[in-house]
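Chain A is the first sequence line, chain B the second, and so forth, proteins listed ahead of strands; every chain is numbered from 1. None of these values were measured; they are calculated from a predicted model.
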Amino acid sequence: MFDKIINKNDFTSLIKDGMVIMVGGFLGCGTPETLIDLVLASGAKNLTLICNDTSFVDRGVGRLVAAKQAAKVITSHIGTNPETGKQMVEGTLNVELVPQGTLAERIRCAGAGLGGVLTPTGVGTVVEEGKQKITVDGHEYLLELPLRADLAIINGSSVDKAGNVVYNATTRNFNPLMAMAASVVVVEAEKLVEPGALMPELVMTPGPLVTHIFKSEKR
Amino acid sequence: MFDKIINKNDFTSLIKDGMVIMVGGFLGCGTPETLIDLVLASGAKNLTLICNDTSFVDRGVGRLVAAKQAAKVITSHIGTNPETGKQMVEGTLNVELVPQGTLAERIRCAGAGLGGVLTPTGVGTVVEEGKQKITVDGHEYLLELPLRADLAIINGSSVDKAGNVVYNATTRNFNPLMAMAASVVVVEAEKLVEPGALMPELVMTPGPLVTHIFKSEKR
Amino acid sequence: MIEDIELAKNIIAKRIAREFKNNQLVNLGIGLPTMVANHIPQGVNVILQSENGMIGMGPAPEPGKENPEVTNAGGAMVTILPHGCYFDSATSFALIRGKHVEYTVLGALEVDQEGSLASWIIPGKKVPGMGGAMDLVVGAKNVIVSTLHTERGKPKILKKCRLPLTARHVVNMIVTELGVFRVTPGGLALIEINKDTTIDEIRANTEADFIVSDNLKTMEV
Amino acid sequence: MIEDIELAKNIIAKRIAREFKNNQLVNLGIGLPTMVANHIPQGVNVILQSENGMIGMGPAPEPGKENPEVTNAGGAMVTILPHGCYFDSATSFALIRGKHVEYTVLGALEVDQEGSLASWIIPGKKVPGMGGAMDLVVGAKNVIVSTLHTERGKPKILKKCRLPLTARHVVNMIVTELGVFRVTPGGLALIEINKDTTIDEIRANTEADFIVSDNLKTMEV
């Protein structure tokens, strides 16, 4: 009835050079590793990656950086992946550093149809460069703008065939936010179940947000 | 260890004339009825109520309006409670109507330490009166400001003694948002359990947000 | 004219129900729009959103199976289908404002040829409030106004709304018992007509200017 | 001076741990701040927040009980205590930015007498990124900088930070192995001193101006 399950070829055909991809996860926890394998195998170039951090050279989204498939990364932390810093210094990778809470809100804005959000974070630092400052009630805020993507690849602990996603423990992180902010959303399902098998209060990503479901091949 | 459970007298002593109170619920679903009983019994006057709707004259927050305890209501809908409209026409009740999604975001802003949010909702209507308009990417938005309260009274289906709250089904509505946006937060616990009894992924309101827990006397 | 109001409402509900495709997320307003759910064609799986906090809303519960914790945006007890889930009001309106809802169907006090609508206040007379309507019409991908063509003999489709607006330039389609209009950049176009009326009768009961589509069809209901 | 760096770090961690009261929500940064968790006095129930999405963070799991789905903000596997729960990054930073976290404890490359700190970039040399630090120091009710008093003999507490800031005017307290400073509207005040040092030694190793509190106490560690 829902017809959302795709195979490797279907997923690979979604990947294009130069596209903007959001990747769920926090230092590799809650990252769709099989989908990253497939982006690697696709050889797509000049990607813009939006992700909390660039993980490690051999894990999560960090592998795409290490494989030099990204032209730009929008992220809050690159310290755990020496490749990111190296390519940045060499001038082959454009790195836009965004405070983590601001990154979350900017992605949420895009998903929630909001035009932007005022945050106190970054006022008085280099983060305010080029941004509109708005004073409310005597306090200065930065206007931070929405961040959206062509494709979001997220990781679901349990996914039903209608696309509802449950995230275990700290695998949640950016996954439910990204699932709202991209034109196409693919969830890597660690466990795939029938509709009705998930407790409806536990679902963090409602099914209609998920375009495609891919059954994980994680070990 | 957590020492959050209070009795009727403790709760009543929190209520003051003229205070701003957020009340969870949506047309009476997910409303802390026992706590409302106690606000009624306190006889507190000139309250400002922030609530999705003014429910019904004999149910939920609507009872406080019917008892003429409110001087102001900030809400999205008053159509189900004739008393609200009547007092508004008589000039004894100040009603600020806010689009429902904007109400949710304004409360969220206060709870999340954000200075405001840009929404397309209300542009070109009376809702834009007195508000700053900001254009982003050629689209007009209204700058909507945070909404906070002195006290939030919310309803929890299952609450542990650390204050973690689980909401069943559609009782969730504004409750978790309000639990972040008030100086004092009291949850009416329909079911009170020990810490560890709730699935940590099901908790929508983390314990530290809850100042006090009151055991419900709902029938 | 169709004098039987119940029949008229059923015509409208049936026609709107034919608009949806499989797996679309749809929000139905209170009153007439709610009736649309009863007419969704077999084999089309429409996912209903209720802005108080659920998707996958099912029909009213069987007697004895009511659960006061499962309600819709009108406060009525409903059920949840196996593909459904629950969320809070911020998430609900993130779904709505963020263009994740395919269709919103709602009534109107007035609707006009520019696609503006008024539905939440008659100053000095009736002020229910906007509820979620302002967000729904700004955020949904498609906005369908469902309305009887006239009220007490007066046209509801105007050149320009006179009541305070719910939103301006947001309506995509207007469905009445007499026909279906599309709001286009060039103005209102009548694209379907009920077999029991005529273009002249529609013109006589419509204040708005409209063109008749070259491709005018009979309203299938 | 205290030459033993491990001892110095333990002095700092122990002192900071004494700052917390029962049921307070606390975020501990990576490195030295994480050590604070090991020194929280018995009977004080501190609730640890980890900005990747949990409160009620417990210690590292016993061997064989590791769960890769339960990690902290440093990516290490941890456990959750009975009073804990999980949430997404937007909610996590809503807690942080919204003044719901009582204390954030973090390290610094530089901290100054105005309460500004620099902790995320050494231009041209090292650019880890700010991660959650900028939000934490702006949002937490109390910001404690935990730092060795000097690095390679150079003072870390400056008149004014020279590196790009994490935030300005946000630090409330600075704890080093030599003493405790409070940032007041009038400037830096030394409020506690380690029994193994002197005010002169602290002055010699601090670039910032500071006054000595009339009520100077011995650092209890």
Original post:
Given side chains that start at C-beta, do those of V127(C) and L97(B) come closer than 4.5 Å, heavy atoms only?
Top reply: yes

Subject >> Exercise: identify the closest heavy-atom pair between A169(B) and E69(C) >> reply: CB-O, 2.9 Å

Original post:
Looking at D88(C), L165(C), V138(C), which makes the most heavy-atom pairs under 4.5 Å with chain B?
Top reply: D88(C)

Original post:
So does E62(C) have more than 12 non-hydrogen atoms from other groups sitting under 6.0 Å from CD?
Top reply: no

Subject >> Under 4.5 Å from any heavy atom of chain C - which part of E96(B) >> reply: neither

Subject >> M88(B) versus chain C, the contacting section by heavy-atom distance below 4.5 Å >> reply: side chain

Original post:
What do you reckon, is NZ of K191(B) surrounded by more than 12 foreign heavy atoms closer than 6.0 Å?
Top reply: no

Original post:
What heavy-atom pair brings V70(C) and T170(B) nearest, and what distance separates the two atoms?
Top reply: CA-OG1, 3.6 Å

**OP:** Return yes when atom NZ of K141(C) has more than 12 non-hydrogen atoms of other residues, nucleotides or ligands closer than 6.0 Å, and no otherwise.
**Re:** yes

Original post:
Under a 4.5 Å heavy-atom cut-off, does chain C meet the side chain of L177(B), its backbone, both or neither?
Top reply: side chain

**OP:** Using a cut-off of 6.0 Å, state whether more than 12 heavy atoms not belonging to K14(C) lie near its atom NZ.
**Re:** no

Subject >> Toward chain B, the part of T71(C) with a non-hydrogen atom under 4.5 Å >> reply: both

Original post:
Does the side chain of S89(C) come under 3.5 Å of the side chain of N173(B) through a donor N or O and an acceptor N or O?
Top reply: no

Subject >> Presence of salt bridge, E140(B) and R168(C), under 4.0 angstrom >> reply: yes

Original post:
Looking at CD of E51(C) and CG of N52(B), how far apart are the two atoms once the value is rounded to the nearest 0.5 Å?
Top reply: 9.0 Å

Subject >> Most chain C-contacting option - heavy-atom pairs closer than 4.5 Å, from P176(B), G101(B), G122(B) >> reply: G101(B)

Original post:
Does the pair M130(C) and V98(B) meet the rule for a side chain to side chain contact (heavy atoms under 4.5 Å, CB included), with working shown?
Top reply: CA-CA 8 Å; M130(C) 67 290 279; V98(B) 180; 5.7 Å; no

Original post:
Within a radius of less than 6.0 Å around NZ of K160(C), do more than 12 heavy atoms belonging to other residues, nucleotides or ligands occur?
Top reply: no

**OP:** Might you point out which heavy atoms bring P99(B) and M134(C) nearest each other, and give the distance in Å?
**Re:** CG-SD, 3.7 Å

Original post:
When rounded to the nearest 0.5 angstrom, what distance separates OG in S50(C) from CZ in F26(B)?
Top reply: 7.0 Å

Original post:
Of the backbone (N, CA, C, O) and the side chain (C-beta and beyond), which part of D53(B) lies under 4.5 Å from a heavy atom of chain C, both, or neither?
Top reply: neither

Subject >> Separation between OG of S76(B) and CZ of F93(C), rounded to the nearest 0.5 Å >> reply: 7.0 Å

**OP:** Provide the closest heavy-atom pair for R97(C) versus T102(B) in the form atom of the first, atom of the second, distance.
**Re:** NH2-N, 4.5 Å

Original post:
Shortest non-hydrogen contact from R108(B) to A90(C)?
Top reply: CD-CB, 4.4 Å

Original post:
Where do Q100(B) and D135(C) come nearest, in terms of heavy atoms and distance?
Top reply: N-OD2, 3.5 Å

**OP:** Heavy atoms only, distances under 4.5 angstrom: which of P128(C), C85(C), G129(C), G75(C) has the most pairs with chain B? Name it, please.
**Re:** P128(C)

Original post:
V89(B) versus chain C, heavy atoms under 4.5 Å apart: side chain, backbone, both or neither?
Top reply: neither

**OP:** Measure distances from A94(C) to the heavy atoms of chain B and classify the residue's part below 4.5 Å as side chain, backbone, both or neither.
**Re:** neither

